[in-house]
Amino acid sequence: MNNETNTNIPWYQKTIRWGQTNLTEMDPIYCDMEWWKEYWHKTRVQGIIVNAGGIVAYYPSSFELHYRAEGLGDRDLFGDFVSAGRAEGLAILARMDINRATQDFYDAHPDWFVVDSEGVPHMADGRYFSCINSDYYKEYIPQIMKEIITKYQPDGFTDNSWTGVSRQIICHCESCKRKFHAEAGEELPAAANWNDPVYLKWIKWSYKCRIENWDLFNEITKEFGGADCLWLGMVNANPVSGHSSFCDLKEVGERSQIIMCDHQSRDALNGFEQNSLNGSLLHGLAGWDKVIPESMANYIRGVRSFRIGSNPPKETQLWVIEGMAGGISPWYHHVGAVQEDRRQFENLPAIMQWHEENESYLYNRQPVANVGLIWSQDNTEFYGRGQAEEKVSLPWHGFVRALTRARIPFVPVHADHISREAEKLDVLILPDIAVLTDQQCQAVCNFVEAGGSLVLTGASATLNEWGEIRSEFPLEAITGIKHMFKVDGAVKNQTSNWAFYDTHNYFRLPDERHSTLSGFEDTDILSFGGQFHHVETGERMSAIATYIPAFPIYPPEFSWMREPNTDFPAILAGEHPSGGRIYYFAGDVDRCYGRTHLPDLGDLLANAVKWAAADKLPLKVEGPGYLDCKLYRQNGRLILHLVNLSGTNQNPGYVEEFLPVGPISISIQTAGEIPKSVFLKVRGIEVQPEINKDWIQFQIDSLIDHELVILELA
């Protein structure tokens with residue numbers, strides 16, 4: 001961003017490379033500040049995150065109950081980091097961890113801690129969990145922050161445990177009882193029960209309580225540290241992960257000047273492509289002018305995690321590269337100030353240096369994508385309920401993977417922002433978004449009536465904001481689809497037992513094929529394996545595939561179709577009078593693809609989106625490999641970031657080598673703009689494009705890990 005010398009720009013707009021030393025209790029004895037200053041230079045960081053207080057204090061706090069690190073002694077380790085960091089011109093964030101405390105603290109203030117309905121406190125590893133509605137959060141933590149601000153003047157605070165205990169625990173302390181009764185007019189629910197309307201109220205109330213603390217902590221930091229001293233918490237950008245911790249990403253995005261993202265590595269479901277999606281999702285909430293750093297693990301993550309062992313270098317590096325492609329700022333993360341496995345310190349310096357050299361192309365840009373993938377917190381809560389991973393994560397991941405695999409640019413769009421984003425989009429996707437409010441449904445209708453296209457699956461829009469079945473399908477007027485509210489099969493997680501009778505179902509393909517069934521000429525059936533919604537079609541939509549009900553899968557002698565032909569529409573396509581196209585999967589193809597990664601299902605999803613877009617997609621990428629393709633526009637240039645994910649999508653496992661692919665042929669729609677140059681920043685070479693009407697075409701001979709293509713336009 002090259003703003004370091006401009007003192008009028010606040011720190012949160014110009015600090016884009018970060019480092020975190022997550023201190024351990026014995027670090028005050030052995031930490032070498034001169035070594036860390038050298039490492040800051042190698043990694044080109046402009047800001048650091050260092051433990052200050054909360055669960056463990058790394059400075060001589062004046063509060064007797066503020067537990068000090070075992071090895072602290074007379075040392076002020078946080079103060080040492082602050083002094084060294086300021087001397088290097090770095091921004092400094094004080095890391096807090098405030099959700100638990102010691103036996104002594106509990107004995108002094110038992111009313112500040114989480115208890116069950118019998119009054120038994122909630123504990124883990126010898127610590128008591130503090131209640132977010134008690135004076136621990138309302139008075140004690142503000143006093144700690146005031147002390148830290150007064151002594152050290154940090155630029156702000158982070159805390160990845162600010163949301164308190166998870167949704168699995170209903171706190172029955174006196175503070176929660178009083179607050180819930182005053183604000184909801186009810187007694188606290190005794191247990192998690194999705195059929196209890198009081199429990200549903202508690203869910204929404206719990207989100208509200210967390211945001212109240214967010215606002216309170218920012219009032220404190222600004223009062224004592226000035227307008228630019230921010231309390232930032234930390235968030236995880238996966239919209240389903242926040243479900244367990246009551247973190248409302250939309251509310252956080254609207255409040256934050258900079259979003260500190262704690263999503264350190266890939267997981268078994270989402271893969272590396274999740275990290276570019278993290279950037280797109282959070283920028284979609286906070287704006288593309290905001291800086292969004294993300295904590296990236298250098299320690300071993302996976303089926304077994306090892307806090308002080310070095311992550312395989314390419315595993316960390318590809319996660320960082322994929323984040324950069326989505327607008328994420330790099331933030332190294334080490335557990336411990338002294339390491340015996342020193343290999344971890346070589347994982348990121350080269351990438352951080354590349355980021356510094358190319359930062360002008362990685363910020364202040366807007367995505368070029370006309371496909372919006374809808375998500376919402378309410379759908380996770382009131383449709384996902386106790387099965388959020390199965391009901392919400394799988395269809396979301398299914399579409400993400402299908403679009404990435406097909407190299408279709410898209411952006412995640414919160415359901416509340418459909419109207420705001422509508423002018424930029426040609427296609428909306430509802431990946432089994434069962435819960436939509438009346439206002440959100442109307443926004444979808446307005447989008448289609450204005451000429452937009454719609455791809456939807458399964459139970460989308462069939463439930464109201466509380467997860468209750470609607471009496472009528474609110475999208476019937478635009479789709480012509482009438483839901484019968486009859487479903488075959490249940491949404492459920494499968495075990496290692498492969499012989500599931502009720503998911504041994506298929507689609508029947510007709511003799512005359514819709515264009516989206518191209519590629520399936522040599523088969524009359526497609527394997528499905530999911531939940532089927534019975535619907536009736538109006539004049540607007542036609543069935544382009546029908547449903548074959550489940551039949552025995554075992555023993556093989558019994559595995560023959562009992563009903564080889566039905567008139568149950570499974571896939572429907574049609575056009576709205578406004579000109580938009582509508583495509584509906586009555587079966588949860590997105591969920592099934594998210595679970596199995598069966599290529600036929602991914603092709604169905606991608607073909608549906610391509611058809612709905614009606615040749616309006618801005619990018620075509622042809623060639624071998626699994627590539628994530630992100631296209632941006634920035635001040636007279638187009639920027640294409642390609643990340644090679646080939647061979648990386650098996651989990652468990654680690655990336656041991658990059659598998660080069662190529663040649664890759666690229667076509668970008670430019671509406672007549674002719675580029676002065678096309679430069680490959682990773683390879684360091686210029687390529688010559690061909691101009692074909694409104695398209696620019698060029699080739700990349702080989703793609704190893706990633707490529708940043710800069711098209712300077714005339």
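Note that the coordinates shown come from a computational prediction; the quantities given were computed from them, not determined experimentally.
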Exercise: identify the closest heavy-atom pair between K630 and Y632
CB-CE1, 3.7 Å

4.5 Å side-chain heavy-atom contact, L93 and L232
yes

Could you check whether E38 pairs with K42 (Lys NZ or Arg NE/NH1/NH2 to Asp/Glu carboxylate O, under 4.0 Å)?
no

Acceptor/donor pairs from residues 141-155 side chains to any protein atom, 3.5 angstrom cut, sequence neighbours excluded:
unit_1	atom_1	unit_2	atom_2	d
E147	OE1	Y59	OH	2.5
E147	OE1	S61	OG	2.9
E147	OE2	S62	N	2.9
E147	OE2	S62	OG	2.4
T150	OG1	K146	O	2.7
K151	NZ	P60	O	3.4
Y152	OH	D76	OD1	3.2
Y152	OH	D76	OD2	2.6
Q153	NE2	I149	O	3.2
Q153	NE2	T150	O	2.7
D155	OD2	R86	NH1	3.0
D155	OD2	R86	NH2	3.3
D155	OD2	I92	N	2.8

Step through the shown structure and confirm whether more than 12 heavy atoms of other residues, nucleotides or ligands are within 6.0 Å of CD1 on I308.
no

Donor-acceptor contact present, side-chain W162 to main-chain M234, <3.5 Å:
yes

Quick check with a 6.0 Å cut-off and a 45 degree axis cone: is K314 positioned over the face of F658's six-membered ring?
yes

Quick one: closest heavy-atom pair of G54 and H66, and the distance?
N-NE2, 2.9 Å

So Y12 and D228, side chain to side chain donor-acceptor pair (under 3.5 Å) or not? Walk me through it.
CA-CA 8 Å; Y12 49 80; D228 290 332; 3.3 Å; yes

Would you confirm whether the ring centroid of Y39 sits within less than 6.0 angstrom of the ring centroid of F345?
yes

Please report the closest heavy-atom contact between P660 and N644, naming both atoms and the distance.
CA-ND2, 4.2 Å

Within-4.5 Å side-chain heavy-atom neighbours: S245 and S166
no

Report yes or no: does S276 contribute a side-chain atom to a donor-acceptor pair with the main-chain N or O of G326 at less than 3.5 Å?
no

Under the side-chain contact (heavy atoms from CB on, under 4.5 Å) test, which residues partner L362, sequence neighbours left out?
W354, H355, R365, H641, L708

E273 and N275: CA distance, side-chain angles, deciding distance, side chain to side chain donor-acceptor pair (under 3.5 Å) verdict:
CA-CA 5 Å; E273 59 268 39; N275 212 18; over 6 Å; no

Taking the six-membered ring for Trp, are the ring centroids of H263 and W319 within less than 6.0 Å of each other?
yes

More than 12 heavy atoms of other residues, nucleotides or ligands under 6.0 Å from CG of L65: yes or no?
yes

Do F410 and V400 make a side-chain contact, defined as non-hydrogen atoms from C-beta onward lying under 4.5 Å apart?
yes

Could you please spell out the steps behind the side chain to side chain contact (heavy atoms under 4.5 Å, CB included) verdict for H414 and L281?
CA-CA 8 Å; H414 192 280; L281 188 145; over 6 Å; no

How long is the straight-line distance from CD1 of I258 back to OG1 of T158, given to the nearest 0.5 Å?
10.5 Å

With V235 as reference, evaluate L285, I292, L249 under the side-chain contact (heavy atoms from CB on, under 4.5 Å) test and give the passing residue.
L249

Salt-bridge test for E315 and R266: reply yes if a basic N is under 4.0 Å from a carboxylate O, no otherwise.
yes

Going through the checks in order, is the side chain to side chain donor-acceptor pair (under 3.5 Å) test met by D104 and T102?
CA-CA 5 Å; D104 289 343; T102 62; 5.1 Å; no

Check the pair W231, E219 against side chain to side chain contact (heavy atoms under 4.5 Å, CB included), reporting the backbone distance first and the verdict last.
CA-CA 9 Å; W231 187 89; E219 289 174 7; over 6 Å; no

N-O pairing of D159 and R95 below 4.0 Å
no

With a 6.0 Å cut-off on the ring centroids, do F78 and Y58 count as close?
no

Heavy-atom distance under 4.5 Å between the side chains of N238 and Q274, does that happen here?
yes

Roughly how far apart are N160 CG and S295 OG, rounded to 0.5 Å?
8.0 Å

Reported OH-to-OG1 distance for the pair Y654 and T648, which is rounded to 0.5 angstrom
14.5 Å

Could I get the full list of side chain to side chain donor-acceptor pair (under 3.5 Å) partners for H109, not counting sequence neighbours?
none

Once you measure the plane-to-plane angle for W396 and W375, does it fall in the parallel (<30°), tilted (30-60°) or perpendicular (>60°) bin?
perpendicular

Apply side-chain contact (heavy atoms from CB on, under 4.5 Å) to S677 and list each qualifying residue two or more places apart in sequence or on a separate chain.
E686, E712

Is there a salt bridge (charged side-chain N to carboxylate O under 4.0 Å, His left out) between R210 and D248 once you walk through the steps?
CA-CA 9 Å; R210 271 73 177 177; D248 191 323; over 6 Å; no

E346 vs R343, test: salt bridge (charged side-chain N to carboxylate O under 4.0 Å, His left out). Steps then yes/no.
CA-CA 6 Å; E346 299 304 319; R343 295 173 297 173; over 6 Å; no

Heavy-atom pair with the smallest gap, counting every atom of G71 and M26:
N-SD, 4.1 Å

Excluding sequence neighbours, so at least two apart, what forms side-chain contact (heavy atoms from CB on, under 4.5 Å) with M33?
C31, W40, R75, D80, F81, A84

Which pair of heavy atoms, one from Y67 and one from I55, lies closest together, and at what distance?
CD2-O, 3.6 Å

Please round to the nearest 0.5 Å and tell me the distance separating atom CZ of R127 and atom CZ of R100.
9.0 Å

Is any side-chain heavy atom of D262 closer than 4.5 Å to a side-chain heavy atom of H333?
no

With side chains defined as the heavy atoms from C-beta onward, is the minimum distance between L645 and E322 less than 4.5 Å?
yes

Would the number of heavy atoms belonging to other residues, nucleotides or ligands and lying under 6.0 Å from CD of Q103 be above 12?
yes

Applying side chain to side chain donor-acceptor pair (under 3.5 Å) to N298 and T316, what does each step give before you reach the verdict?
CA-CA 6 Å; N298 281 277; T316 295; 4.6 Å; no

Which is it for F63 and F105 under the ring pair (Phe, Tyr, Trp, His ring centres under 6.0 Å) test, yes or no, and what are the steps along the way?
CA-CA 11 Å; F63 290 86; F105 207 133; 9.6 Å; no

Spacing of N347 atom CG and M352 atom CE [to the nearest 0.5 Å]
11.5 Å

Could you tell me whether the side chain of H334 and the main chain of G336 form a donor-acceptor pair under 3.5 Å?
no

Quick check: closest heavy atoms across M324 and P330, and the distance to 0.1 Å?
CE-CG, 4.1 Å

Quick one: list whatever passes side-chain contact (heavy atoms from CB on, under 4.5 Å) with A227, sequence neighbours left out.
none

